[in-house]
Amino acid sequence: MSSLSDLLMVRLCLLLWLLVKSVAAPDPAVVTMTVDDAACDIGGDDWRFDCFPQGTPAQTECEARGCCWRPPLKPRPPSPSGLTVPECYFPLDYQSYRTQAVSSSRGHGQVKATLTKGSPYPRDVRNIQADFFAHSTNVLNIQIRDADRERWEVPLLHNRRHCGRGQGSAWPGHAHSGHEMGAGNVLTFGDFLVTLSKPGQPFWFQVARTTGEILIESTGGFIYSDQLLQLSTTLASSLLYGLGERRGGLAVSANWTRVALWNRDHHPKENTNLYGTHPFYIARDARGWHGVLFLSSNALDVIVQPAPALTWRTIGGIFDIYLFSGPEIWAVTRQYTEVVGRPFMPPYWALGFHLCWQRYGTANNTRATMDRLRKFGIPQDCGISNNATPGTYQPYDLGRQMEIFIKDLDGQPLVGRVWPGTTVWPDFTNGQSGRYWRKIAGDFHKKVAFDGAWVDMNEISSFADGSVHGCDEKNPLDVPPYIPGIADRELYKHSICHHGRHAASSHYNVHSLYGLLEANATYHAMLSIRGKRTLVISRSSFVGQGQVSGHWSGDNSGTWHDMHMSIPAMLQMNLFGVPFTGSDICGFFLNATEELCTRWHQLGAFYVFSRNHNSDTCRPQDPGQFGPASAASTRKALLTRYTLLPYLYTLLFYSHVYGDPVARPLFFQYPDDSRTQDIDRQFMWGPALLFSPILEPKQTSVLAYFPRDVWFDFYSGRRVPRSGQVVRLPAQYDVINVHVRGGSVVPMQSPGLTTTVSRELPFWLLVALDDDGEAKGQLYVDDGESLDTYERGLYNMVKFETQKNTLWSKPEFIGYHGNMNLSNVTVFGLQDMPTDVQVNGESVIYQFYDTVLYIPQVKVSLAKPFNVTWGGSE
């Protein structure tokens, strides 16, 4: 659409068509419809919804589907994802289902509709039932089911409704939100105004805010066959984020972009499906921000076109859609994680630097690497060495005994091939899988007392496509009538046959869930074995993954482009509620140069999950490998990370309790600043810290955008002289630019070479004043390892506030009695040197340099209220 008037014209055409159909409805039996030329005049190329997604059809093939076939009005080259304006598209009057009945009860609306025009795909669903449920005031769930038979539905790990079809019962722990019936087919659910088609009309619905702003409206061709489900909706704007896991910029382009989602062991690459499935987006509308989740574990395409509009096209299950009203962007992520599950609270040691190489070979080699890092004074907490003696072992025998493995059609375990050779896979939908997993993990833990687990190749990945015997090319589960735009256009490529049988369903339905289910089993097995918090890192991921695991972005390469792309990868997963995320520092494949690895360690020191890891085909790339200059740079970056761990841990606490992202794109903090919308070369930790890394070779400066606010250099305290614009910053070989937002109080701690040592050292406070001389912050502290410390009251929460030359602390809750010693306070942004500084009314030593106040001997306990005052001026 080129203008608002064009959009209104199209909607007027749709409205007139609906009125005509409601007056002169055809017989409810399935009929064949001819294409009316007027119905093909839809108002422009941007509103064409593809009727033949398999490719470019002949005109006769297109028209046989009851669709329009016309060349584009303005031909354009294919987008980076390979799409362009379709020649074959749905007409305005395309009618697949006719509404038979509309009803409502408190917190629930329902539409029943019957098929009137068959799709070109096998086994159309004849009768559908669309239920609109009020989850809460700000969350709406739409489910469109087969009214006559059960179909596969995705089981969420958290907060899933288990009511019967059409019951409309409330979600566990939630009362129904307010609901009112409007003029026959208009319903109000909390923040949402839902308009439904009337009996006799084509099936249709619209969801708007109660203030009138339309969020989604069904349009295009609606298809509900056994193995192809398609729904197109309008978008409130072209500003869209999410839809992953994918490689690319933060925003999703509306220029005929296809995002294919189907978990696959595929190295990160643009315009292909990767390791995770998160069909969730956040979009701008006239009032603020909202979110939409299309909950599906089947392979799917998401098409975004310039209208703006979006098409969901999946090959199984039901339509299961959630809308989140926001309207603040932070509210959307909180509402989303309230439904799919809040992120887990990691143990404190997990925040340290991790190091792994596939070729250590022996414990002595691993120890030598650690000693080399200690020689250079580089902090490290976790090391992973993954060599094992090949051969058979007890988990297989126990699994056969318990009938725990995914089965082939003959009832025997489906056999593929991975690193050890022939391989079978546990079925984590089997009710005995938890007991099995705890047993084998527990037996190994008795031999090696490991603290966390890294689960890999869990997409499922197999080196034998399908199985060691191949797959049945005639089985529609292995070769369905439509395959989304996934890599190789084969479901079982580098995976297992999709006719494989799980207890819950076929692998065709369960495939993209597998990594989440394995991570869930691993997480709870580790909690049971250790009785303490654990860390599970999973390559494969799905909606709700953050409840039980972190994630890394997979088998990247040692290139500058891969380093850059690691930033949007981390930010994307944070928006999906998976905050404990990072990428392999220096790359998994290829040998990174010294300069690249040095710069990458500077960036990777501020991934939420910070790990250097590479392949056994590459040379070692630990921070001690590249000489003193590189080691000194990495030491500086990692010591800065360890200094900031109290702040990072506090952010992870807020993510665990409220679902807030930890690593954030700039637009999240400054949603009304249009210049932040596409920035993916910088990122923030929470609301206070801004990172601007070097991402290109042979550079000693970096261009960084500073939103209109007060900003200070983290290392020197110097104020950035200009904001609301791009500034060139110096960035010598040992520097990553870190800036603090004015108005922030950042808790810190003297850094040790491990998190265990760091936790026993004194705290620091960094106070960065805004233009009004004010600042706020928080500190969350617990023992770093016990379960449910927040829920059991075994934690401390301290709030800080600065006004009128005084910093106050307010311990809001004290239930933990470990180290809380505060040694010093630094204040950025003072205009004049104070004549006196007092802590709790007692004068103390201080230093003042160029607007920065250093108070080195505070010596108070953060568990008790205190105040620091600086007064007068010279």
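Along the sequence shown, residues carry numbers from 1.
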Undergrad: Given the rule in the side chain to side chain donor-acceptor pair (under 3.5 Å) test, do Trp437 and Thr522 qualify, once you have shown the distances and angles that lead to the verdict?
TA: CA-CA 7 Å; Trp437 210 236; Thr522 306; 2.8 Å; yes
Undergrad: Within the 4.5 Å heavy-atom criterion, are Arg247 and His266 side-chain neighbours or not?
TA: no
Undergrad: Please identify which of these residues, Asn458, Asn273, Thr277, meets the side-chain hydrogen bond (donor to acceptor under 3.5 Å, both in side chains) condition with Asn263.
TA: Thr277
Undergrad: Check the angle between the aromatic planes of Trp349 and His354 and answer parallel, tilted or perpendicular using the 30° and 60° thresholds.
TA: tilted
Undergrad: Quick check on the 6.0 Å ring-centre criterion: do Tyr396 and Phe405 meet it?
TA: yes
Undergrad: Angle between ring planes, Phe444 versus Phe450, binned at 30° and 60°: parallel, tilted or perpendicular?
TA: tilted
Undergrad: If the plane angle is over 60° it's perpendicular, under 30° parallel, otherwise tilted; pick one for Phe344 and Tyr523.
TA: perpendicular
Undergrad: What is the minimum heavy-atom distance between Asn574 and Val662, and which atoms define it?
TA: OD1-N, 2.9 Å
Undergrad: Given the rule in the side chain to side chain donor-acceptor pair (under 3.5 Å) test, do Trp152 and Ser506 qualify, once you have shown the distances and angles that lead to the verdict?
TA: CA-CA 9 Å; Trp152 165 251; Ser506 64; over 6 Å; no
Undergrad: Is any side-chain heavy atom of Tyr241 closer than 4.5 Å to a side-chain heavy atom of Pro665?
TA: no
Undergrad: Given Tyr514, which of Trp425, Phe542, Phe428, Tyr275 fulfils the ring-ring contact (aromatic ring centres under 6.0 Å, His included) condition?
TA: Phe428
Undergrad: Would you call the rings of Phe280 and Phe576 parallel, tilted or perpendicular if under 30° counts as parallel and over 60° as perpendicular?
TA: perpendicular
Undergrad: Please verify the inter-ring angle class for His613 with Phe588; under 30° counts as parallel, over 60° as perpendicular, anything in between as tilted.
TA: tilted
Undergrad: When the ring planes of His494 and Phe463 are compared, do they come out parallel, tilted or perpendicular, using 30° and 60° as the limits?
TA: parallel
Undergrad: May I ask you to decide whether Asp265 forms a salt bridge with Arg539, counting only side-chain N to carboxylate O separations under 4.0 Å?
TA: yes
Undergrad: For the residue pair Leu516 and Val548, what are the closest heavy atoms and their distance?
TA: CD1-CG2, 4.0 Å
Undergrad: Are Tyr492 and Leu477 packed together at the side-chain level, in the sense that at least one heavy-atom pair is separated by less than 4.5 angstrom?
TA: no
Undergrad: I'd like to know if Lys447 pairs up with Asp443 as an ion pair, taking the criterion as any Lys NZ or Arg NE/NH1/NH2 lying under 4.0 Å from an Asp or Glu carboxylate oxygen.
TA: no
